[in-house]
Each structure stands twice: as C-alpha cells, then as structure tokens.
Amino acid sequence: DKGNHRHFMQKEIYEQPEVLSHTLGAFVDMSSGRTRIPDGQDLDFSKIRRIALSACGTGFYAALVGRYYFERFAGIPCDLDVASEFRYRESPLGDVDLALFVSQSGETADTLASLRYAKSQGLKTAAIVNVQESTIARESDFVLPTLAGPEIGVASTKAFTCQLMALAALAIRAGVDRGVITPERELELTRTLTEAPRLANEAIRLEEVIERLARDMATKSHALFLGRGFSYPLALEGALKLKEISYIHAEGYAAGELKHGPIALIDETMPVVVVAPHDRSFEKTISNVQEVAARGGEIILITDASGAASGAVEGAQMIVLPDMPEILTPIVYAIPLQLLAYHTAIQMGTDVDQPRNLAKSVTVE
Ligand code: M6R
C-alpha cells in the first residue's frame with residue numbers, strides 16, 4: 001500500500017525518519033545511550049585486526065561508508081570488495097578476523113557466495129540484513145538487523161540509510177571495545193545519532209526545491225556526481241540512483257579524481273552534482289568544483305548552512321541542509337540524492353518502482 005504516495009519509492013523515502021530511529025534502537029540502548037550488539041550476540045571487536053567488507057550495488061556503497069566509519073571511529077583497517085569479485089578473487093585474507101556483509105534482501109547470489117567463501121576460509125561472518133528470514137541472515141554467525149521494514153521499490157532508499165545507521169553504531173561499538181572511544185565520547189556520539197530522524201525530516205522538506213532542479217536534470221543525457229571523504233560513497237550512490245530509475249548516464253567520482261580524466265567531459269551541457277557538507281574535506285572539494293565552474297559546467301551543490309554561507313561557488317544551484325556532525329552526513333545527504341533521482345525519473349516518465357531490466361533481488365550471478 002503506497003498510502004498517499006505516488007510510488008513506493010517516495011513512500012520509502014518518507015519513512016526514513018521513523019525506520020532510522022528503529023534501527024538505531026537495535027544498536028543503542030536508548031535509556032543509557034550505550035551501544036550494543038542486537039539480541040545480546042557476542043560480537044566483540046577488541047581483537048579484530050582487520051575487517052573484510054563485501055556487498056553489491058547500494059549495499060556496497062554502504063560498506064564503503066562503513067570502511068570510513070570503522071577506520072575513523074575504531075581504528076580498524078578494512079578491505080572492501082564487491083561481492084562478485086570477493087567470491088572469486090581468492091585474495092590472501094591475512095589478518096582479516098571478520099567478514100562483514102551488507103544486504104537488504106539477504107538473498108543476493110554473489111553476496112551469499114562470498115559469505116560461504118569466507119566461512120570456508122574459517123572466518124567469522126556477520127551480516128547487516130534487512131530481511132531477517134533470509135538465507136544470508138540464517139548462514140551468518142552474527143546477524144545485525146536493519147529495521148527498515150519491507151522495501152518494495154527496486155531502487156534502494158530506506159534500506160541504505162538504515163545500513164549506514166547500523167554501520168555508524170557498530171563502528172562506535174567497535175571503538176568502545178578497543179578502548180579508543182571513551183564512555184563520554186560514546187554518549188556524545190550516540191546522542192548525535194539520535195538527531196538523524198529530525199535531520200532526515202529536514203532533508204525531506206527540501207523536496208520542492210529538488211523537484212525544480214530535477215526538471216532541468218531531466219533534459220540532460222549525462223551527469224557527474226562528486227564527493228570526498230565520507231561524501232565520496234554518496235557521490236557513487238547518487239549516480240547509481242539516477243541511472244537506475246531515470247536511465248540518464250551518471251558517474252560518481254571521488255572529487256580528487258576529477259583532474260585525472262573526467263574533467264575532460266565538462267562543458268555547458270554537463271550537470272555536476274557535488275556532495276559537500278562543510279566538513280574537513282570541504283575546502284578541497286570546493287577547489288575541485290571551481291575548476292568545473294571555470295569550464296562552464298552546471299553545478300548543483302548539496303551542502304549545509306556553513307557551506308552555503310562560505311559563498312564558495314558562484315552561480316551554483318544549491319540544496320542546503322542544516323549543519324551537522326560528520327558521522328551523520330552520509331545518512332542525511334543520501335536523501336536529497338534519492339529525491340533528485342526520483343523527481344528526475346518522474347519527469348522522464350519511467351517506471352520508478354520497477355525500472356527496466358532490474359530485479360529487486362538478484363538471486364543469480
Ligand atoms: O538485497 P541487496 O542489498 O543484497 O541488493 C544489492 C543490490 O542488488 C541493490 O542494492 C541494487 O544495487 C539496488 N537496486 C540499488 O538501488
């Protein structure tokens with residue numbers, strides 16, 4: 001049932017404030033503010049030397065944010081592979097002590113095969129999954145639930161942000177286990193995570209602004225998405241979302257890679273969506289964006305109040321979110337990217353919930 005919404009995708013975008021708070025509740029005890037592993041499972045990060053992360057599609061981009069989280073908040077180095085590579089690569093696992101998989105459906109063939117491969121190598125396995133009765137949930141040593149509820153739209157939205165929430169909370173937990181996060185810092189970080197639903201609502205309120213930008217996007221045949229640091233995976237996710245439902249060719253790049261090739265594509269017809277909260281990467285991202293502006297590229301800057309006030313890029317179209325701590329930016333910035341893809345697809349008249357050639361759950365390799 002789509003309720004008042006035109007598509008499941010829109011409904012699922014709107015559900016995010018609520019399901020983010022459910023998911024957070026699985027990983028944080030709300031009365032004490034302490035992180036926990038759901039259902040009392042005995043997952044302890046104190047002796048984990050390295051984590052191998054693997055997933056497909058949007059789950060892979062969540063895992064990419066997860067790597068930044070684990071490295072930043074817990075000091076645990078991570079390997080990362082798309083599951084279709086991990087399962088065949090036979091890479092030496094070295095000091096990997098945990099394989100962590102991310103999957104909405106829990107049935108994705110390559111992710112399941114990667115899980116089985118990791119087990120065959122004697123690794124402990126954990127899975128962040130949305131469907132609790134799935135094969136991946138059944139076969140993992142540790143099940144880390146996202147509580148996004150059923151996701152019907154083929155383009156993943158709420159499952160993605162809930163995966164990010166789970167990963168953020170887990171990374172904090174890991175930092176506590178390893179003694180790199182003090183109890184006070186833990187409380188501060190979990191309090192920050194409780195702000196996510198409110199900020200997600202603020203992002204949703206920008207829908208009209210984004211809809212106007214989407215009218216223009218729908219006239220294009222290509223788009224570039226850029227981001228740095230925590231926002232790099234978001235650029236990849238924004239490009240995936242756009243191509244999958246609007247069929248506009250879109251590519252995501254780390255902003256620093258621009259001058260290593262993609263800048264050759266920039267002219268007046270190329271829209272460039274830049275994900276740039278005013279964080280430690282901001283200045284660097286903006287200097288890349290100025291190179292785009294100098295070549296006539298059309299810029300859509302997704303930033304926050306501080307970023308907008310810096311007046312960094314003249315003539316850019318802006319989507320302005322409130323300022324927020326950096327751990328939240330991947331979660332909240334996903335929403336304008338989803339809305340941009342959604343409204344562009346509506347303009348194009350595509351089948352938003354069932355885009356051509358795609359299946360919700362990819363159970364063959
Ligand atoms: O169910 P999973 O999370 O394992 O699915 C992985 C991908 O097939 C999925 O994320 C796909 O990329 C989505 N259509 C993206 O919106």
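First listed ligand is number 1; within each ligand, the first listed atom is number 1.
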Asker: Would you say Val154 has any N or O atom under 3.5 Å from an N or O of ligand 1, going by distance alone?
Answerer: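 N/O-N/O distance under 3.5 Å: yes.
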Asker: Considering both backbone and side-chain atoms of Lys360, is one of its nitrogen or oxygen atoms within less than 3.5 Å of a nitrogen or oxygen in ligand 1?
Answerer: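 Between Lys360 and ligand 1, no N or O pair is found under 3.5 Å apart.
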Asker: Classify the side-chain pair Ser32/Asp29 by whether it contains a donor and acceptor separated by less than 3.5 Å.
Answerer: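 Side-chain D/A pair, Ser32 to Asp29: present.
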Asker: Just wondering, do Leu328 and Thr192 contact through their side chains at under 4.5 Å, heavy atoms?
Answerer: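 Sidechains of Leu328 and Thr192: in contact.
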Asker: Can you list the atoms of ligand 1 that are under 4.0 Å from a heavy atom of Ser105?
Answerer: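 Listed by number with element, the hits are 1 (O), 2 (P), 4 (O).
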Asker: Considering only non-hydrogen protein atoms, determine which one is nearest to atom 9 (C) of ligand 1 and report residue, atom name and distance to 0.1 Å.
Answerer: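 Residue, atom and distance for the closest contact: Thr58 N, 4.1 Å.
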Asker: Answer with side chain, backbone, both or neither: which part of Glu244 has a heavy atom less than 4.0 angstrom from an atom of ligand 1?
Answerer: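 Glu244 to ligand 1: side-chain contact only, backbone stays beyond 4.0 Å.
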Asker: Counting only heavy atoms not in Asn4, do more than 12 fall under 6.0 Å of its CG?
Answerer: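 Check fails, neighbour count at 12 or below.
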Asker: Check each atom of ligand 1 against the heavy atoms of Gln104 and keep those under 4.0 Å away; list them by number with element.
Answerer: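 Atoms satisfying the 4.0 Å criterion: 1 (O), 2 (P), 3 (O), 4 (O).
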Asker: Short list, please: which atoms of ligand 1 are under 4.0 Å from a heavy atom of Ala155?
Answerer: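 Answer for ligand 1: 16 (O).
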Asker: Who's the nearest protein heavy-atom neighbour of atom 8 (O) of ligand 1, and how far?
Answerer: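 Result: Val362 CG2, 4.0 Å.
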Asker: For atom 7 (C) of ligand 1, grab the closest protein heavy atom and report residue, atom and distance to one decimal in Å.
Answerer: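 In this structure, atom 7 (C) of ligand 1 has Cys56 O, 3.6 Å as its nearest protein heavy atom.
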Asker: Quick one: do the Glu107 and Thr135 side chains pair a donor with an acceptor below 3.5 Å?
Answerer: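 Per modelled atom types, Glu107 and Thr135 side chains form a pair under 3.5 Å.
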Asker: Going through the distances and angles, do Ser54 and Asp81 end up as a side chain to side chain donor-acceptor pair (under 3.5 Å)?
Answerer: CA-CA 5 Å; Ser54 194; Asp81 263 305; over 6 Å; no
Asker: When you compare the side chain of Val143 with that of Val129, does any pair of heavy atoms fall below 4.5 Å?
Answerer: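 Yes. Closest side-chain heavy atoms under 4.5 Å.
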Asker: What is the nearest protein non-hydrogen atom to atom 5 (O) of ligand 1, stated with its residue, atom name and distance?
Answerer: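 Atom 5 (O) of ligand 1 sits closest to the protein heavy atom Thr108 OG1, 3.4 Å.
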Asker: Lys241 heavy atoms, cut-off 4.0 Å: which ligand 1 atoms fall inside?
Answerer: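 The atoms of ligand 1 under 4.0 Å from a heavy atom of Lys241 are 15 (C), 16 (O).
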Asker: Is there a donor in the side chain of Gln338 and an acceptor in the side chain of Glu237, or the other way round, less than 3.5 Å apart?
Answerer: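 Glu237 and Gln338 do not have a side-chain donor-acceptor pair below 3.5 Å.
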Asker: Taking the six-membered ring for Trp, are His7 and Tyr342 ring centroids under 6.0 Å apart?
Answerer: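 Centroid separation for His7 and Tyr342: below 6.0 Å.
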Asker: Between ligand 1 and Glu107, can you find any atom pair, the residue atom being a heavy atom, that is separated by under 4.0 Å?
Answerer: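 Contact absent.
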